[in-house]
Amino acid sequence: MAKYNNGIEDDWDIPSSSVTVLESRYLTKDNSGNVIETGVELLQRVAWDIAVAELQWDPEFKEKVKPNISKEDLYELAKHSERVKKTAKEFFELMKNGYFLPNSPTLMNAGKKLQQLSACFVLPIGDSIEEIFETMKNMAIVHKSGGGTGFSFSKLRPNGSLIKSTQGYSPGPLSFLFSYNESAGQITQGGKRRGANMGIIRANHPDALCFARIKGTEGVLSNFNLSIAFSDEEIEAVKKEGYIELKDPQGKEYTSKNAKKR
């Protein structure tokens, strides 16, 4: 039996700590921030919203499911589909009995106006100020909806590269990685948790070693996990204690001698 802060109870057998997490992140709230949904009602909401997709395969209704059909009309059709009802009941039981739970955005958004159920987005970053900060804006929008983001910083020119348009020098991927990290710290996912991010760089990028070492100090880039991407050939080179030839994303090549010095 689960008991909620508003005094309502339901028959979902979960510990009080789980109730606390549900109330803080997942249960529907009114405009004043008061919880107006129980855990069982959340599962019913999610199960029904997911099961409505079965209309596309229900011979009686699939012809009525048009690309521009409204959510209200879709839900109304679903009320008359035994296939949807059966699927919703089965999915509800799976979740309630602890066999399966969908991702957080689904628990937060299914059946609601936003209807953003995806957890992970890969956003490209181009090698210009406009592209870099356009992607940062898109990251904030994704986090606002409850999703997480992944980026490859491999296209960004390395630290110290000449910028022809200004005759200045690029700060490199790490500088912009810190900017993304700070931005992510300000925008919580769905307004309920810190944004989750993955940053990747190619192993042959001139700044890859700095990228790999940067989280050696606790607390640095706390909103990011970092990975280095290796090709099969590069992995074999590592196994044989050889070198990976560094390559500037702008076209300049680095020799093994340069690799030793970096």
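- Formation of a donor-acceptor pair under 3.5 Å by the N103 side chain with backbone atoms of L117 is found in this model.
- For the pair K137 and F133, the cation-pi test (distance below 6.0 Å, angle within 45°) is failed.
- S81 places none of its side-chain heavy atoms less than 4.5 Å from the side chain of E54.
- For D207 (side chain) and N159 (main-chain N/O), a donor-acceptor pair under 3.5 Å exists by modelled atom type.
- A chain of hydrophobic side-chain contacts below 4.5 Å, direct or via other Ile, Leu, Val, Met, Phe, Trp or Tyr residues, connects I125 to I129.
- If you chain together hydrophobic residues whose side chains sit under 4.5 Å apart, V142 and M198 never meet in one group.
- Side-chain contact check for D49 versus Y75: some heavy-atom pair is nearer than 4.5 Å.
- A salt bridge does not link K86 to E82: none of the charged side-chain nitrogens sits closer than 4.0 Å to a carboxylate oxygen.
- Minimum interatomic distance between S24 and V21 (heavy atoms only, all atoms of both residues): OG-O, 3.0 Å.
- At a threshold of 4.0 Å, the pair R83-E60 does not count as salt-bridged, since none of the basic side-chain nitrogens sits closer than that to a carboxylate oxygen.
- One distance of note links NE2 of H80 with CG of D58; it measures 12.0 Å at 0.5 Å rounding.
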* Go through L94 and E90 one step at a time and tell me if the side-chain contact (heavy atoms from CB on, under 4.5 Å) criterion holds. => CA-CA 6 Å; L94 282 174; E90 291 174 348; 5.7 Å; no
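- When atom types are taken as modelled, the side chain of E234 and the backbone of S231 share a donor-acceptor pair closer than 3.5 angstrom.
- Atom CZ of R45 and atom CE of M108 lie 10.5 Å apart (nearest 0.5 Å).
- For E182, the salt bridge (Lys or Arg N to Asp or Glu O under 4.0 Å) criterion is met by no residue, not counting sequence neighbours.
- The NZ atom of K144 sits 9.0 Å away from atom CG of L114, with the distance rounded to the nearest 0.5 Å.
- A donor-acceptor contact shorter than 3.5 Å links the side chain of H205 to the backbone of L156.
- No path of Ile, Leu, Val, Met, Phe, Trp and Tyr side chains, each step under 4.5 Å between heavy atoms, connects I141 with M136, placing them in separate hydrophobic clusters.
- A donor-acceptor contact shorter than 3.5 Å is absent between the side chain of T217 and the backbone of V220.
- In this structure a side-chain-to-backbone donor-acceptor pair under 3.5 Å is present from Q116 to S118.
- Of the residues listed (N223, N181, T149), the one engaging N197 in a side chain to side chain donor-acceptor pair (under 3.5 Å) is T149, and it is the only one.
- The two residues P105 and G146 have their closest heavy-atom pair at CG-O, 3.2 Å.
- With rounding to the nearest 0.5 Å, the separation of CH2 in W12 from CG in L22 is 5.5 Å.
- Residues N109 and Q115 are not in side-chain contact: their nearest non-hydrogen atoms beyond the backbone lie 4.5 Å or more apart.
- Distance CG/L226 to CZ/F151: 11.5 Å, rounded to 0.5 Å.
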* Walk me through it: do V84 and W48 pass the test side-chain contact (heavy atoms from CB on, under 4.5 Å)? => CA-CA 8 Å; V84 170; W48 181 256; 3.7 Å; yes
* To do: Walk me through it: do T28 and L42 pass the test side-chain contact (heavy atoms from CB on, under 4.5 Å)?
  => CA-CA 8 Å; T28 301; L42 175 150; over 6 Å; no
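- Nearest heavy atom pair, residue A229 against residue I200, reads CB-CG2, 3.9 Å.
- Under the 3.5 Å distance criterion, the side-chain polar atoms of R25 are left unmatched by any main-chain donor or acceptor of T20.
- Between the side chain of K71 and the backbone N or O of G111 there is at least one donor-acceptor pair closer than 3.5 Å.
- Between the side chains of N138 and T135, not a single donor N or O lies within less than 3.5 Å of an accepting N or O.
- Heavy atoms only, all atoms of each residue included: L174 and C210 are closest at CD1-CB, 3.5 Å.
- Here the side chain of K85 pairs a donor or acceptor atom with the backbone of K79 at under 3.5 angstrom.
- Remark: D73 CG is packed, more than 12 non-hydrogen atoms of other residues, nucleotides or ligands lying under 6.0 Å away.
- Between the side chain of S175 and the backbone N or O of G172, no donor-acceptor pair lies under 3.5 Å.
- Residues P102 and V46 approach most closely at CG-CG1, 4.1 Å, considering heavy atoms.
- A salt bridge is absent between K96 and E93; no separation between the charged side-chain nitrogens and carboxylate oxygens falls under 4.0 Å.
- E23 is linked by a salt bridge (Lys or Arg N to Asp or Glu O under 4.0 Å) to nothing, counting only residues two or more places apart in sequence or in another chain.
- Note that CG of L55 is 7.0 Å distant from CZ of F61, once rounded to the nearest 0.5 Å.
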* Given side-chain contact (heavy atoms from CB on, under 4.5 Å), test L177 with I201 step by step and report yes or no. => CA-CA 11 Å; L177 175 58; I201 199 166; over 6 Å; no
* To do: Apply the test side chain to side chain donor-acceptor pair (under 3.5 Å) to residues Y4 and D10: give CA-CA distance (whole Å), side-chain angles for both, the deciding distance (0.1 Å), then the verdict.
  => CA-CA 9 Å; Y4 303 87; D10 63 29; 2.7 Å; yes
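- Hydrophobic clustering (side-chain heavy atoms under 4.5 Å, transitive across Ile, Leu, Val, Met, Phe, Trp, Tyr) keeps L74 apart from I50.
- Looking at heavy atoms from C-beta onward, F92 lies in side-chain contact with V40 at the 4.5 angstrom threshold.
- Side-chain heavy atoms closer than 4.5 Å link hydrophobic residues (I, L, V, M, F, W, Y) into clusters, and following such links, possibly through other members, connects L43 to F100.
- Nearest approach of L107 to L101, heavy atoms of both residues: CD2-CD2, 4.4 Å.
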